[in-house]
Amino acid sequence: MAAPSAPPPILRYFEFTHLPEDLRRVSMPFSELAHRLAVLLPPGPELSVALRKLLESKDAAVRAALPPRTEEATR
């Protein structure tokens with residue numbers, strides 16, 4: 001039986017416990033899916049692409065959930 005491979009390093013970018021609660025709720029499903037894919041799929045370039053694109057999607061979703069910037073904050 002082959003030894004299990006190390007988790008992909010990209011999984012560290014799916015951590016969400018440091019985020020405020022409202023952003024955690026957005027980020028958590030992406031983290032769960034990323035970890036599930038890392039277990040279900042064989043290591044290789046396609047897994048890397050899938051996780052990278054999922055990370056891009058997670059980042060966009062978290063940014064979309066951020067409160068709007070005030071005019072004063074943009075100066």
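This is a predicted model, so every value here is computed, not measured.
- L41 and F14 fall within a single hydrophobic cluster, where Ile, Leu, Val, Met, Phe, Trp and Tyr are joined by side-chain heavy atoms under 4.5 Å apart, directly or via other members.
- Taking hydrophobic clusters as Ile, Leu, Val, Met, Phe, Trp and Tyr residues chained together by side-chain heavy-atom distances below 4.5 Å, L33 shares a cluster with Y13.
- Taking every heavy atom of both residues into account, L51 and P8 meet most closely at CD1-CG, 3.9 Å.
- The salt bridge (Lys or Arg N to Asp or Glu O under 4.0 Å) test applied to E21 returns R24, R25, not counting sequence neighbours.
- Nearest heavy atoms, S27 versus K58: OG-CD, 3.5 Å.
- The two residues V62 and L23 make their nearest non-hydrogen contact at O-CD2, 3.9 Å.
- Grouping the Ile, Leu, Val, Met, Phe, Trp and Tyr side chains by contacts below 4.5 angstrom, directly or via other members, places L47 with L11.
- When the side chains of ILVMFWY residues are joined at heavy-atom separations under 4.5 Å, either directly or via intervening members, F30 and F16 end up in two distinct hydrophobic clusters.
- To the nearest 0.5 angstrom, R36 atom CZ is 10.5 Å from S31 atom OG.
- The CG atom of L37 sits 6.5 Å away from the CG atom of L54 when rounded to the nearest 0.5 Å.
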